[in-house]
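Just below is one structure, and these are the notes that go with it.
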Amino acid sequence: MSATLACSSAPSAIVRSLLDDDRLVVLATEVIGHRDQAALGAVALLDRHGRVLLHTHIRPLGPTPLWSDLPPIEVVWPRLAALLTNRFVASYHVASDRSLLRHTARRLGVTLMYAEWRGVGELYCRAKRRSRPCSFATACREQQIPIHPTPHALADARATLQILRVLARPTPVIPSHEIFWRYLR
């Protein structure tokens, strides 16, 4: 009887359990400004089935006659907070999205809602056995997932959900002798 090796089974099991949980939401954001002046410019949230829970652009701070029809963050935040509270939040760029929301909450004088965060980028790199981070564009290109040419929160959320679905596929079990011969080629 030959030994078998399962390639990256842990990430696919984690992702399958996430996709089976009704508490999963997929988050993508757009940022306006740089560094200390960065602000939430747009946000998109999908449920595990890909239904849009929230998609909106947000009016920048200061006098902005061009974007006067957009809602300010003070109007968007309560709905966003309600949709994220006690959820599993999956984001490709989890550290930057979480930091952006924390910064926004601090600016509004509110506490950041409780949610469990999952880094899709980290799961993707782990599944691909990479030691370094992989960009969102690279992951999409490798999985043949079309992406919007410019930052677009809703398109990015949909692509992130597709990456999760790819990661949830069962990983083929390859007999160890095949791995040995593939390595020698």
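Every value quoted in this text rests on a predicted model; they were computed, and no experiment measured them.
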Closest non-hydrogen atom pair between [X] and [Y], with its separation:
X      : Y      : result
Arg79  : Leu53  : NH2-O, 2.7 Å
His49  : Asp47  : N-OD1, 2.9 Å
Val76  : Val43  : CG1-CG1, 4.4 Å
Val26  : Ala157 : CG1-O, 3.5 Å
Leu164 : Val15  : O-CG1, 3.0 Å
Pro71  : Thr56  : CG-OG1, 3.6 Å

TODO: Answer yes or no: does atom CD of Glu122 have more than 12 heavy-atom neighbours from other residues, nucleotides or ligands under 6.0 Å?
DONE: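 No - once you tally the heavy atoms of other residues, nucleotides and ligands closer than 6.0 Å, there are 12 at most.
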
Is [X] linked to [Y] within one hydrophobic cluster, defined over Ile, Leu, Val, Met, Phe, Trp and Tyr using a side-chain heavy-atom separation of less than 4.5 Å?
X      : Y      : value
Ile163 : Leu154 : yes
Leu19  : Leu123 : yes
Leu161 : Ile14  : yes
Val52  : Leu27  : no
Leu54  : Trp117 : yes

Between the main-chain N or O of [Y] and the side-chain N or O of [X], is there a donor-acceptor pair closer than 3.5 Å?
X      : Y      : result
Arg16  : Ala168 : yes
Thr160 : Asp156 : yes
Glu116 : Phe88  : no
Arg59  : Leu70  : yes
His93  : Ser96  : no

Measure the shortest side-chain to side-chain distance between [X] and [Y] over non-hydrogen atoms and say whether it is less than 4.5 angstrom.
X      : Y      : value
Cys140 : Ile147 : yes
Trp77  : Pro72  : no
Glu74  : Leu108 : yes

Task: Summary of side-chain hydrogen bond (donor to acceptor under 3.5 Å, both in side chains) pairs that have at least one residue in residues 139-148, sequence neighbours excluded - done: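 Pairs touching residues 139-148 that pass the test: Tyr124-Glu142, Tyr124-Gln143, Arg130-Glu142, Thr138-Arg141, His148-Thr150.
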
Pairwise distance [atom1]([X]) to [atom2]([Y]) - rounded to 0.5 angstrom:
X      : Y      : atom1 : atom2 : value
Met113 : Leu80  : CE    : CG    : 5.0 Å
Cys125 : Arg132 : SG    : CZ    : 10.0 Å
Leu45  : Leu84  : CG    : CG    : 5.0 Å
Ile32  : His57  : CD1   : NE2   : 10.0 Å
Arg106 : Leu101 : CZ    : CG    : 11.5 Å
Arg107 : Ile73  : CZ    : CD1   : 6.5 Å

TODO: Applying side-chain contact (heavy atoms from CB on, under 4.5 Å), name anything that partners Pro78, two or more places apart in sequence or on another chain.
DONE: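 Pro78 satisfies side-chain contact (heavy atoms from CB on, under 4.5 Å) with no other residue.
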
- [ ] With sequence neighbours excluded, tell me which residues meet side-chain contact (heavy atoms from CB on, under 4.5 Å) with Pro146.
- [x]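 Not a single residue meets the side-chain contact (heavy atoms from CB on, under 4.5 Å) criterion with Pro146.
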
Open item on the list: What verdict does the side-chain contact (heavy atoms from CB on, under 4.5 Å) test give for Ser135 and Tyr92, after you've listed the backbone C-alpha separation in whole Å, the side-chain angles of each residue and the deciding distance to 0.1 Å?
Closed with: CA-CA 9 Å; Ser135 75; Tyr92 196 87; 6.0 Å; no

Open item on the list: Once you measure the plane-to-plane angle for His152 and His55, does it fall in the parallel (<30°), tilted (30-60°) or perpendicular (>60°) bin?
Closed with: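 Rings of His152 and His55: tilted, 30 to 60°.
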
Task: Pairing of Asp21 and Arg48 as salt bridge, 4.0 angstrom limit - done: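 Salt bridge: no.
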
- [ ] Please lay out, stage by stage, how Val89 and Arg98 fare under the test side-chain contact (heavy atoms from CB on, under 4.5 Å).
- [x] CA-CA 10 Å; Val89 181; Arg98 199 170 167 185; over 6 Å; no

Open item on the list: What verdict does the side-chain contact (heavy atoms from CB on, under 4.5 Å) test give for Phe136 and Val120, after you've listed the backbone C-alpha separation in whole Å, the side-chain angles of each residue and the deciding distance to 0.1 Å?
Closed with: CA-CA 9 Å; Phe136 178 68; Val120 177; over 6 Å; no

